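Bear in mind that the values here come from a model prediction, so they are computed numbers and not experimental data. Start at 1 with the first residue, then count along the sequence. Values below: all heavy atoms of this structure, side chains included; hydrogens, waters and symmetry mates excluded.
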Amino acid sequence: MTSSSDRSHDVRSPKTYSIRTYGCQMNVHDSERLSGLLEGAGYVRAPKDADGADVVVFNTCAVRENADNRLYGNLGQLAPQKAARPGMQIAVGGCLAQKDRDTIVKKAPWVDVVFGTHNIGKLPVLLERARIQEEAQVEIAESLEAFPSTLPTRRESAYAAWVSISVGCNNTCTFCIVPALRGKEKDRRPGDILAEVEALVAEGVSEITLLGQNVNAYGSDIGDREAFSKLLRACGKVDGLERVRFTSPHPRDFTDDVIAAMAETPNVMPQLHMPLQSGSDRVLKAMRRSYRQDRFLGIIENVRAAMPDAAISTDIIVGFPGETEEDFEQTLHTVRESRFAQAFTFQYSKRPGTPAADMADQIPKAVVQERYERLVALQEEISWEENKKQVGRTLEVMVAEGEGRKDDATHRLSGRAPDNRLVHFTRPDESLRPGTTLDGGPVLRPGDMATVDITYAAPHHLLAEGPTRTVRRTRAGDAWEKRNAAPAEKPKGVLLGLPTIGAPAAAPAPSAGCGCD
């Protein structure tokens with residue numbers, strides 16, 4: 001038991017933590033919960049330039065290629081650091097922990113805690129138990145103990161946030177192990193979701209992203225097929241909520257009432273991530289995807305009819321077992337017809353525990369690579385052509401934090417357009433037109449709005465090189481300013497997370513979902 005003198009020492013010198021997150025937005029959101037739990041237990045986040053943290057948590061993914069090798073490689077690098085630092089602890093959670101369980105401690109006996117996807121709320125208790133008992137604690141729950149949104153949160157942004165509306169998945173895609181690790185779909189009550197949205201807006205959030213493994217399947221657990229479209233419309237009535245997004249939907253559940261709700265609700269953004277995976281009906285059947293090419297293209301057509309300016313992105317797997325050249329050509333055809341603004345492309349690789357891993361006709365690596373490169377080249381061409389259509393448009397951009405790595409050198413700011421395209425624009429304090437007034441302080445802060453004219457398009461971003469038309473300082477910007485004025489080592493209240501959609505198709509990047517939608 002910790003003595004009173006030990007506790008007083010902890011107050012003066014709180015232990016630090018660091019979380020390393022791999023995988024999809026679900027894991028990113030879970031890491032925000034883990035941060036909240038640790039800070040509620042008295043830990044503080046380790047500075048980025050610190051030599052090391054007292055507690056290092058790995059929030060793992062079992063979907064990505066070589067996920068286990070990456071984890072054990074990182075654990076191996078920490079072994080000598082831990083040996084030289086008495087009291088340091090290492091915890092492993094997430095999907096890979098749920099899958100491998102006791103294997104992790106056998107391969108890396110210096111790990112202190114292993115916990116699963118269903119019991120992230122136990123992390124502080126398990127760390128303390130491991131410290132007292134001086135032995136590894138492995139606790140994997142088989143079902144959800146508490147919905148993640150009931151846990152404390154330390155979010156990454158003051159102006160945009162994830163809101164989880166469901167967990168788990170009822171699909172049986174042959175390439176995906178997520179349902180076995182996350183469990184069957186479990187929906188939150190609509191009133192609980194809206195209460196969280198309203199609380200976030202009260203804290204200054206102006207953009208939320210509704211999050212679920214198959215987000216538009218929401219309602220299957222509560223017996224309402226139109227629950228998701230009703231939820232979108234309800235979000236439209238939340239005063240002060242400027243932008244609503246969601247990820248990732250499944251084509252099977254994407255119904256006309258959802259399209260209508262998107263088109264008719266002003267704060268639901270004209271952006272859609274719709275995972276394709278393959279354009280071949282034969283491959284889709286082998287994947288156990290419950291739609292075919294015609295159904296997919298019909299959804300795209302209906303979305304564009306209702307929202308002509310919608311930006312649509314997707315996930316595609318290249319080289320699924322048995323994929324022929326003709327199958328791949330069907331994927332290229334679907335890409336040409338769909339005109340995606342962005343695609344997250346993946347080379348198929350075996351995932352232990354999935355039916356596809358044992359299928360015959362695994363495609364040689366060289367063939368997969370060649371097809372992958374052709375797909376990326378095609379999508380790059382389409383992305384650039386679609387972005388060029390934005391030149392000359394006037395867009396209201398929400399200023400982002402950390403999305404323009406060259407902003408200082410180029411004297412620009414960066415932000416997201418309503419359709420989620422990344423826009424780099426001239427700093428308004430250097431180009432503000434006469435007649436625009438400001439109330440002192442920085443011209444624009446993350447979360448504020450700028451109206452700009454698009455002058456140039458690249459495949460993965462837009463430029464607004466002329467003067468900024470108008471600026472609008474917002475409550476979200478106020479929240480960012482207030483948060484950054486507070487001492488970093490003593491975060492207060494509910495802090496908020498920024499949802500973004502990964503990287504361009506030119507590199508195998510994390511998808512907007514788990515790569516399995």
Side-chain angles (χ1 to χ4, degrees), residues 209-210 214-217 226 228-229 232-233 235-236 243-281 284 289-316 330-345 375 378-397 416-423 454 457 459-462 501-502 504-505 511-513 517:
T209 298
L210 303 175
N214 292 308
V215 68
N216 61 319
E226 295 188 354
F228 186 63
S229 62
L232 291 178
R233 293 183 186 276
C235 287
R243 293 185 172 188
V244 178
R245 307 185 191 277
F246 58 88
T247 195
S248 287
H250 192 294
R252 181 196 65 186
D253 303 301
F254 206 80
T255 49
D256 289 343
D257 62 298
V258 174
I259 297 174
M262 292 180 67
E264 296 167 8
T265 309
N267 66 355
V268 176
M269 295 294 97
Q271 172 215 346
L272 177 64
H273 185 79
M274 181 62 68
L276 169 64
Q277 306 305 4
S278 175
S280 163
D281 287 354
L284 288 170
R289 303 289 284 178
S290 53
Y291 57 89
R292 299 296 178 259
Q293 183 191 107
D294 284 350
R295 161 69 174 156
F296 187 91
L297 290 175
I299 292 172
I300 301 301
E301 182 180 0
N302 291 341
V303 169
R304 292 240 161 86
M307 295 171 286
D309 295 328
I312 303 174
S313 57
T314 196
D315 295 335
I316 301 173
Q330 288 298 308
T331 295
L332 296 180
H333 168 73
T334 309
V335 169
R336 292 187 187 100
E337 292 293 311
S338 299
R339 306 293 300 176
F340 298 117
Q342 191 178 44
F344 298 87
T345 54
L375 173 61
L378 172 62
Q379 183 56 50
E380 286 279 297
E381 178 184 337
I382 293 172
S383 294
W384 200 356
E385 290 173 356
E386 291 300 305
N387 274 2
K388 287 177 181 177
K389 296 177 182 178
Q390 304 297 309
V391 174
R393 294 190 65 192
T394 299
L395 302 175
E396 186 173 54
V397 176
R416 293 282 172 174
D419 63 10
N420 211 45
R421 283 183 166 93
L422 179 62
V423 180
I454 304 303
H460 307 297
H461 69 267
L462 304 173
I501 290 188
S511 76
D517 302 294

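Side-chain contact check for R421 versus H460: every heavy-atom pair is 4.5 Å or farther apart. In this structure, the side chains of F340 and I382 stay at 4.5 Å or more apart for every pair of heavy atoms. Side-chain contact check for T334 versus E337: every heavy-atom pair is 4.5 Å or farther apart. Side-chain contact between N216 and H250: present, with at least one pair of heavy atoms (C-beta onward) separated by less than 4.5 Å. Within the 4.5 Å cutoff, the side chain of P418 has no heavy atoms near those of the Q271 side chain. In this structure, the side chains of R416 and R243 come closer than 4.5 Å at one or more pairs of heavy atoms. Counting only heavy atoms from C-beta outward, the side chains of M274 and P251 approach each other to under 4.5 Å. Side-chain atoms of R289 and P275, non-hydrogen and from C-beta on, do get closer than 4.5 Å to each other.
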> Stepwise, does the side-chain contact (heavy atoms from CB on, under 4.5 Å) test hold for M269 with D419?
Replying inline: CA-CA 6 Å; M269 295 294 97; D419 63 10; over 6 Å; no
> Taking it one step at a time, do L395 and L462 satisfy side-chain contact (heavy atoms from CB on, under 4.5 Å)?
Replying inline: CA-CA 11 Å; L395 302 175; L462 304 173; 4.3 Å; yes
>> Run Q379 and T345 through side-chain contact (heavy atoms from CB on, under 4.5 Å) and show every step you take.
In response: CA-CA 10 Å; Q379 183 56 50; T345 54; 5.6 Å; no
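Across every non-hydrogen atom of L232 and V268, the tightest pair is O-CG2, 4.1 Å. Contact detail for Q293 and G279: the closest heavy-atom pair is NE2-O, 2.8 Å. Shown here for S383 and P459, the closest heavy-atom pair between the two residues is CB-O, 3.6 Å. Summarising the geometry of S278 relative to L284, their closest heavy-atom pair is O-CD2, 3.4 Å, with the distance given to 0.1 Å. The shortest non-hydrogen separation linking I316 to T331 is CG2-CG2, 3.9 Å. Scanning both residues, S229 and E226, for their nearest heavy atoms gives OG-O, 3.0 Å.
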Identify every side-chain donor-acceptor pair in residues 296-311 under 3.5 Å, counting partners at least two apart or on other chains, and give the distances.
from : atom 1 : to   : atom 2 : distance (Å)
N302 : ND2    : G298 : O      : 3.3
R304 : NH1    : S338 : O      : 2.7
R304 : NH2    : S338 : O      : 3.2
R304 : NH2    : R339 : O      : 3.2

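Once rounded to the nearest 0.5 Å, the distance linking CG of L272 with OG of S248 reads 9.5 Å. With values rounded to the nearest 0.5 angstrom, M262 atom CE is found 8.0 Å from I259 atom CD1. We find the SG-CG distance between C235 and L210 to be 5.0 Å, quoted to the nearest 0.5 Å.
Of the possible donor and acceptor atoms, one in the side chain of Y291 sits under 3.5 Å from a partner among the backbone N and O of L276.
For an aromatic pair to be called close, the ring centres must be under 6.0 Å apart, and H273 with F246 fails this.
Just one of K388, Q390, K389 meets the side-chain hydrogen bond (donor to acceptor under 3.5 Å, both in side chains) condition when paired with E386; it is K389.
Residue pairs meeting the salt bridge (Lys or Arg N to Asp or Glu O under 4.0 Å) criterion with at least one member in residues 264-276, sequence neighbours excluded, are R233-E264.
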